[in-house]
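Before any comments, here is the structure.
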Amino acid sequence: MKNKTLFLCTLICAFFCITEMQAQLEKGNSLLNIGLGMNSYYTSSSGFSTTLPPLEGSFEVMTSEKFSLGAFIGAYGAKYENEIKSMSIVIDTEIKYSYLNFGGLANYYLVNDESWNIYVGGRLGYVSSSAKISHSSNVPLSDDETFLNGAGATASGFLFGANLGTRYHISKSFALNAELGYGIALLKVGITFKL
């Protein structure tokens, strides 16, 4: 609790101490984005709990005032717990899922002024997924690996996505951001550092 309070006070002080407002992006500017996802596509049905919230980092370079190219990497973890009853045997089953995605991105800026950026973009990358199943019983069960593969739990593959995003510049080098689209999560909120 003490660490959370200290972090919040530091963040509030940073907002009030920053006075420069000119932040229009120009050719050659670099941006570092860090976002926290609100909902992941990968385990959106009921019964899942989050073990690692959807996190994503991206880096962009402005190739003009309207266009940027960059790269992204994201991670997410979840687990699914279930109780299997068969005759007089009760087996508690837990499946842990891990997702890592990475690739390239491109954004087109519809608005690029001193306070706001609004952009649309696309991304192309790869999703690596894995799952591990554990049981509370020594009773022999069907092959776990076959089960997970059949359920698509370990399916990795290419990622194609589109996004709509916005940034509000607090200062020349710091902004708040939000993004809707396909990636590690449906909605991400976070911060941007202009390098």
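If you read the sequence from its start, that first residue is 1, and numbering goes on from there. Quick caveat: nothing in here was measured; it's all calculated off a predicted structure.
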Examine Y168 and I191 and state if one hydrophobic cluster contains both, with Ile, Leu, Val, Met, Phe, Trp and Tyr joined whenever side-chain heavy atoms are less than 4.5 Å apart.
-> yes
When rounded to the nearest 0.5 angstrom, what is the spacing between CG in L159 and OG in S128?
-> 12.0 Å
Measure the OH-CZ distance between Y108 and F67 for me, rounded to the nearest 0.5 Å.
-> 10.0 Å
Atom CD of E60 and atom OH of Y109: how far apart are they, to the nearest 0.5 Å?
-> 4.0 Å
L25 backbone acceptor or donor facing N112 side chain under 3.5 Å | yes
State yes or no: are the ring centers of F174 and F193 separated by less than 6.0 Å?
-> yes
K188 NZ to L55 CG distance, which is reported to the nearest 0.5 Å | 11.0 Å
In this structure, CG of L36 is separated from CD of E56 (nearest 0.5 Å) by 11.0 Å
Under 3.5 Å, side chain of N33 to main-chain N/O of G57, donor-acceptor pair present?
-> no
Starting at NZ of K79, measure out to OG of S98 and round the result to the nearest 0.5 Å.
-> 12.5 Å
Check whether Y76 and M38 end up in the same hydrophobic cluster, where Ile, Leu, Val, Met, Phe, Trp and Tyr are linked by side-chain heavy atoms less than 4.5 Å apart.
-> no
With a 4.5 Å heavy-atom cut-off, do K96 and T51 have their side chains touching?
-> no
Candidate pair H169 and N117, rule side chain to side chain donor-acceptor pair (under 3.5 Å), full reasoning | CA-CA 8 Å; H169 293 272; N117 300 137; 2.6 Å; yes
Heavy-atom side-chain proximity of T166 to I118 below 4.5 angstrom = yes
Donor-acceptor under 3.5 Å (S173 side chain, K194 main chain) = no
From the options V111, N177, L176, select the one residue that forms a side-chain contact (heavy atoms from CB on, under 4.5 Å) with R167.
-> N177
Flag yes if more than 12 heavy atoms outside K27 fall under 6.0 Å of its NZ atom; otherwise flag no.
-> no
Are I34 and L195 grouped together when hydrophobic residues (ILVMFWY) are joined by side-chain heavy atoms under 4.5 angstrom apart?
-> yes
Considering non-hydrogen atoms only, spot the tightest contact between A178 and Y119 and give its length.
-> O-OH, 4.5 Å
Is it possible for you to say whether Y182 and L180 belong to one hydrophobic cluster, with membership spreading through side-chain heavy-atom contacts below 4.5 Å?
-> no
Please report the closest heavy-atom contact between N107 and G121, naming both atoms and the distance.
-> OD1-CA, 3.3 Å
Parallel under 30°, tilted from 30 to 60°, perpendicular over 60°: which one fits the rings of Y97 and Y99?
-> parallel
What's the shortest heavy-atom distance between S156 and S129, and which atoms?
-> OG-N, 2.9 Å
For the hydrophobic clusters of this structure (ILVMFWY residues joined by side-chain heavy atoms under 4.5 Å, transitively), does one cluster hold both L105 and F160?
-> no
Would you say the side-chain atoms of N101 pair up with the backbone N or O of G74, donor to acceptor, closer than 3.5 Å?
-> yes
